[in-house]
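Below you'll find the structure, written out as structure tokens, and then a few comments.
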Amino acid sequence: MYNNMDKQTKRDHLYMKMARTWSENSYCVRRKVGALLVKHQMIISDGYNGTPSGFPNVCEDENNVSFPYVLHAEANAITKVARSNNSSDGATLYVTTSPCMECSKLIIQSGIKRVVYGEKYRIMDGVELLQRAGIEVIFLGE
């Protein structure tokens, strides 16, 4: 599969595979999402959807509706890098599902220049916002 691809496309596929694997850490039942922040070919942060630190690892109520305080994988990766000595400026975000509007605003403000996602969510306004902001957005379905 990887023989006829350029180096960047090959890296994109490999990092996306890693993001999918990372998504399995999520305790969410409805949808497991993983994200990796990569800069200079190094993973500088990671995240998956879930509850804030100190909350029970339960994402949905008895009706299978996500609690409003559940964090998205992108938000977890971005806030995690903010607490480190790294900078997301110029980085690429690999995320298993297309970013929502709220996460797209965080992506823009954090200086991420490229977003690669693997699955289209039913609402695509976040991707449209990223494109309006001049961020390179790549759909890399399976």
Side-chain angles (χ1 to χ4, degrees), residues 1-2 5-142:
M1 172 181 168
Y2 299 122
M5 295 182 192
D6 64 47
K7 283 184 181 180
Q8 185 60 59
T9 305
K10 182 177 180 181
R11 276 191 213 107
D12 288 347
H13 280 276
L14 292 172
Y15 284 124
M16 182 58 66
K17 185 176 181 180
M18 292 170 73
R20 285 187 183 105
T21 299
W22 197 243
S23 74
E24 293 304 313
N25 285 306
S26 174
Y27 288 91
C28 297
V29 175
R30 287 181 46 222
R31 178 183 301 268
K32 294 178 181 293
V33 181
L36 295 177
L37 259 176
V38 177
K39 187 173 178 179
H40 306 303
Q41 299 176 35
M42 289 182 356
I43 298 169
I44 61 169
S45 189
D46 54 60
Y48 50 87
N49 56 329
T51 57
S53 298
F55 281 67
N57 287 321
V58 178
C59 298
E60 297 89 2
D61 64 18
E62 61 279 352
N63 298 315
N64 204 30
V65 175
S66 292
F67 291 117
Y69 53 81
V70 170
L71 289 158
H72 290 185
E74 306 93 288
N76 267 326
I78 290 167
T79 55
K80 191 173 180 180
V81 80
R83 293 180 69 176
S84 74
N85 292 325
N86 284 317
S87 166
S88 55
D89 197 39
T92 297
L93 175 71
Y94 295 89
V95 60
T96 57
T97 303
S98 58
C100 71
M101 179 63 79
E102 292 303 311
C103 288
S104 292
K105 290 188 270 185
L106 292 175
I107 291 165
I108 293 165
Q109 291 300 97
S110 65
I112 293 167
K113 295 298 177 205
R114 208 167 159 262
V115 175
V116 181
Y117 69 96
E119 180 183 320
K120 292 181 182 179
Y121 189 61
R122 60 184 167 80
I123 303 168
M124 294 296 288
D125 57 355
V127 169
E128 293 165 12
L129 183 68
L130 293 172
Q131 291 168 333
R132 278 183 50 202
I135 294 174
E136 181 182 3
V137 181
I138 298 166
F139 171 60
L140 198 65
E142 291 184 44

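Position 1 is the first residue of the sequence, and the numbers go up from there.
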Testing the basics here: between [X] and [Y], what is the closest heavy-atom pair and its distance to 0.1 Å?
X      : Y      : answer
Met101 : Leu129 : SD-CD2, 3.3 Å
Met16  : Leu140 : CB-CD2, 4.2 Å
Tyr15  : Ile43  : CE2-CG1, 3.9 Å
Tyr69  : Pro52  : O-CD, 3.4 Å
Ile112 : Ile135 : O-CD1, 3.5 Å
Gly50  : Cys59  : CA-SG, 4.0 Å

Determine whether a donor-acceptor pair (N or O, by modelled atom type, separation under 3.5 Å) exists between the side chain of [X] and the backbone of [Y].
X      : Y      : result
Glu136 : Lys113 : no
Ser104 : Leu130 : no
Ser88  : Ser110 : yes
Asn49  : Ala73  : no
Lys39  : Ser87  : yes
Thr96  : Arg20  : no
Gln131 : Val137 : no

CA sep, side-chain torsions, deciding dist, call: Glu74, Leu93, side chain to side chain contact (heavy atoms under 4.5 Å, CB included): CA-CA 8 Å; Glu74 306 93 288; Leu93 175 71; 3.8 Å; yes
What distance separates [X] [atom1] from [Y] [atom2], expressed to the nearest 0.5 Å?
X      : Y      : atom1 : atom2 : result
Gln41  : Lys7   : CD    : NZ    : 8.5 Å
Arg31  : Ser26  : CZ    : OG    : 11.0 Å
Ile138 : Asp12  : CD1   : CG    : 5.5 Å
Asn76  : Leu106 : CG    : CG    : 11.0 Å
Ser98  : Glu119 : OG    : CD    : 8.0 Å
Thr79  : Leu71  : OG1   : CG    : 6.5 Å

Do [X] and [Y] have side chains that approach each other closer than 4.5 Å (heavy atoms only, starting at C-beta)?
X     : Y      : answer
Val58 : Phe67  : yes
Pro99 : Val115 : yes
Cys28 : Val70  : yes

Worked check of side chain to side chain contact (heavy atoms under 4.5 Å, CB included) between Lys10 and Leu14: CA-CA 6 Å; Lys10 182 177 180 181; Leu14 292 172; 4.2 Å; yes
Lys32 to Tyr48 six-membered ring, cation-pi geometry met (6.0 Å, 45°): no
Criterion side chain to side chain contact (heavy atoms under 4.5 Å, CB included) on Asn57 and Thr51, from CA distance to verdict: CA-CA 6 Å; Asn57 287 321; Thr51 57; 3.6 Å; yes
Worked verdict on Thr97 versus Tyr117 for side chain to side chain contact (heavy atoms under 4.5 Å, CB included): CA-CA 6 Å; Thr97 303; Tyr117 69 96; over 6 Å; no
Asn63, CG atom: more than 12 neighbouring heavy atoms under 6.0 Å: yes
Residue Gln109 excluded, over 12 heavy atoms near CD under 6.0 Å: no
Qualifying residue, where the test is side chain to side chain contact (heavy atoms under 4.5 Å, CB included) with Tyr94 and the options are Lys17, Arg114, His13: Arg114
Flag for Thr9-Asp6: side-chain donor and acceptor within less than 3.5 Å: yes
